[in-house]
Amino acid sequence: MAIDILPKEFPSTPDHAILIGDAHEHPAYADASADIVLCSCDQVLFRVHSITLTLASGWFRTLLSLPQGPPPYKQALTPEILHVAEPADVIAGLLCMSSGQELPKLDSFEYVVELLHAAEKYDMPGALSIIRLAVTSPPLLDSHPIRIYGIACQWGWFEEARLASLKTLGLDLFSPGTAKDLSSIDSPYLTKLMALHRQRRDVLQSGLDSPSEFYANGYPGRCVNCQREVIHSAWFQMKYAWLAAIEKRPDEIATGGIMLRRELQELLEAACQHCHRKLYNAEGTIGKLRAVLDRLPTVVEVSRCGHKHYAPITDASYIKLD
């Protein structure tokens with residue numbers, strides 16, 4: 001068991017008083033009428049009514065239902081003291097979620113993970129549902145999309161996992177800064193996330209290489225105006241810049257900022273060396289390039305066979321990996 005209950009052969013009242021005296025009470029949980037006292041690992045006392053614990057926690061409900069006669073030193077109706085392994089901020093957070101008090105700030109990823117593990121440990125579905133909502137809040141999802149994706153997959157929160165995968169599109173998965181985050185993801189879900197990024201690159205390359213969409217891919221290159229042979233150097237420079245961007249600067253692709261790159265501006269200004277007319281129609285070229293970007297897959301489809309929490313989404317812009 002992760003919780004450490006004081007032994008039944010606990011010394012008499014004086015030593016018991018010293019134990020309480022070594023700790024200090026949490027100001028929000030100092031109700032003298034409470035019948036349970038939780039003592040955190042950093043020596044903070046939480047006076048809690050047992051009914052609160054039994055309603056919120058399956059673990060405490062089972063524990064407190066076990067028959068155990070009070071030893072002699074409890075004849076004075078002193079509260080039962082339970083030592084727990086978590087620090088005070090985690091215990092306070094769980095109790096706030098369980099007792100209708102103002103929720104703690106859930107803008108720290110490390111704190112949310114601690115709460116998540118504790119809520120699982122003590123079987124607290126209400127707290128878990130609140131944490132599930134918190135992981136997709138902007139402060140967490142925008143700053144830790146890969147880690148949120150991993151946690152959501154691990155817990156079977158597949159809608160949250162898909163949203164987190166969308167937020168990873170602007171990240172280079174092979175940069176040194178993401179290695180630690182990726183290592184925390186279970187391998188099947190890591191494979192799916194990496195496949196999403198790989199397929200985005202492949203779809204972009206296929207679209208940019210298409211001679212039916214972009215006449216500059218034809219060989220030999222010709223001017224649409226004078227039909228004389230030309231070299232579409234500006235087109236190839238722009239195309240290679242875009243393919244390099246999705247590898248090293250994927251945020252420019254994900255946000256559409258790639259449309260503002262100088263390579264596209266230079267392409268639209270390119271002229272035939274023979275008739276000196278522009279080689280590319282600006283409106284048509286931009287429209288086709290936007291269409292290519294719109295075809296890129298945006299989310300991973302993650303599911304677990306028979307999982308009750310998964311609800312399919314009709315949006316077609318995802319990868320399905322069987």
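By the 30° and 60° cut-offs, the orientation of the rings of Y122 relative to W59 is perpendicular.
For residues 171-180, there are no salt bridge (charged side-chain N to carboxylate O under 4.0 Å, His left out) pairs, not counting sequence neighbours.
More than 12 heavy-atom neighbours from other residues, nucleotides or ligands sit within 6.0 angstrom of CG on L103. Within 6.0 Å of CZ on R295 lie more than 12 heavy atoms contributed by other residues, nucleotides or ligands. Atom CZ of F174 is surrounded by 12 or fewer heavy atoms from other residues, nucleotides or ligands within 6.0 Å. Annotation for E110: atom CD counts as buried by contact number, over 12 foreign heavy atoms lying within 6.0 Å.
In this structure, a donor-acceptor pair under 3.5 Å is absent between the side chains of H49 and S99.
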| Run the side-chain contact (heavy atoms from CB on, under 4.5 Å) check on T178 and T168 step by step: do they pass? | CA-CA 10 Å; T178 62; T168 71; over 6 Å; no
| field | Trace of the side-chain contact (heavy atoms from CB on, under 4.5 Å) decision for L53 with L63 | value | CA-CA 10 Å; L53 294 178; L63 174 69; over 6 Å; no
| message | I'd like to know whether M97 forms a side-chain contact (heavy atoms from CB on, under 4.5 Å) with I131, so could you lay out the CA-CA distance, the side-chain angles of the two residues, the decisive distance to 0.1 Å, and finally the verdict. | response | CA-CA 9 Å; M97 295 179 190; I131 296 169; 4.0 Å; yes
| message | Working note: I91 + Y29, criterion side-chain contact (heavy atoms from CB on, under 4.5 Å); need CA distance, chi angles, decisive distance, verdict. | response | CA-CA 11 Å; I91 298 301; Y29 298 94; over 6 Å; no
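Contact check for V203 versus P297: side-chain heavy atoms found under the 4.5 Å cut-off. The closest side-chain heavy-atom distance from L94 to E86 is not below 4.5 Å. For the pair S165/L196, a side-chain contact is recorded, criterion being any heavy-atom separation below 4.5 Å from C-beta on. V292 has its side chain within reach of L204: a pair of non-hydrogen atoms, C-beta onward, lies under 4.5 Å apart. Within the 4.5 Å cutoff, no side-chain heavy atoms of Q101 are placed close to those of L95. The shortest side-chain heavy-atom distance between I36 and L64 falls under the 4.5 Å cut-off. Between D142 and K167, some side-chain heavy-atom pair lies under the 4.5 Å cut-off. With a 4.5 Å cut-off on side-chain heavy atoms, L45 and H24 do not count as touching.
Using a distance-only test at 3.5 Å, with no hydrogens or angles considered, a donor-acceptor pair links the side chain of Y111 to the main chain of D89. Checked by atom type and distance alone, the side chain of S57 never pairs as donor or acceptor with a backbone atom of T54 at under 3.5 Å. The closest donor-acceptor contact from the side chain of H144 to the backbone of V135 lies at 3.5 Å or more, if one exists at all.
Here the CD-OG distance, from E213 to S206, works out to 8.5 Å after rounding to the nearest 0.5 Å. Note that CE of M238 and CG of L243 are 8.5 Å apart. Values are rounded to the nearest 0.5 Å. Considering CZ of R147 and OG of S184, their distance stands at 6.5 Å, rounded to 0.5 Å. Taken to the nearest 0.5 Å, the CH2 atom of W242 stands 6.0 Å off from the CD1 atom of I253. The distance from atom NE2 of H232 to atom CG of N217, rounded to the nearest 0.5 Å, is 9.0 Å. Within the model, atoms CG of L115 and CG of L128 stand 10.0 Å from one another, a figure rounded to the nearest 0.5 Å.
Closest approach of W157 to L116, counting heavy atoms only: CH2-CD1, 3.7 Å. Residues Y280 and A270 come closest through the heavy atom pair CE1-CB, 3.9 Å. The two residues V230 and L279 make their nearest non-hydrogen contact at CG2-CD2, 4.3 Å. Listed here is the closest heavy atom pair of L140 and F109: CD2-N, 3.5 Å. For I81 against C39, the heavy-atom pair with the smallest separation is CG2-CB, 4.4 Å. Between M259 and Q265, the shortest heavy-atom contact is O-NE2, 3.6 Å.
Criterion: ILVMFWY side-chain heavy atoms under 4.5 Å apart, direct or through other members. Under it, I286 and V224 are part of a common hydrophobic cluster. Both L267 and Y240 belong to a single network of hydrophobic side chains, linked directly or stepwise wherever heavy atoms of I, L, V, M, F, W or Y lie under 4.5 Å apart.
A salt bridge does not link E269 to R262: none of the charged nitrogens lies less than 4.0 Å from a carboxylate oxygen.
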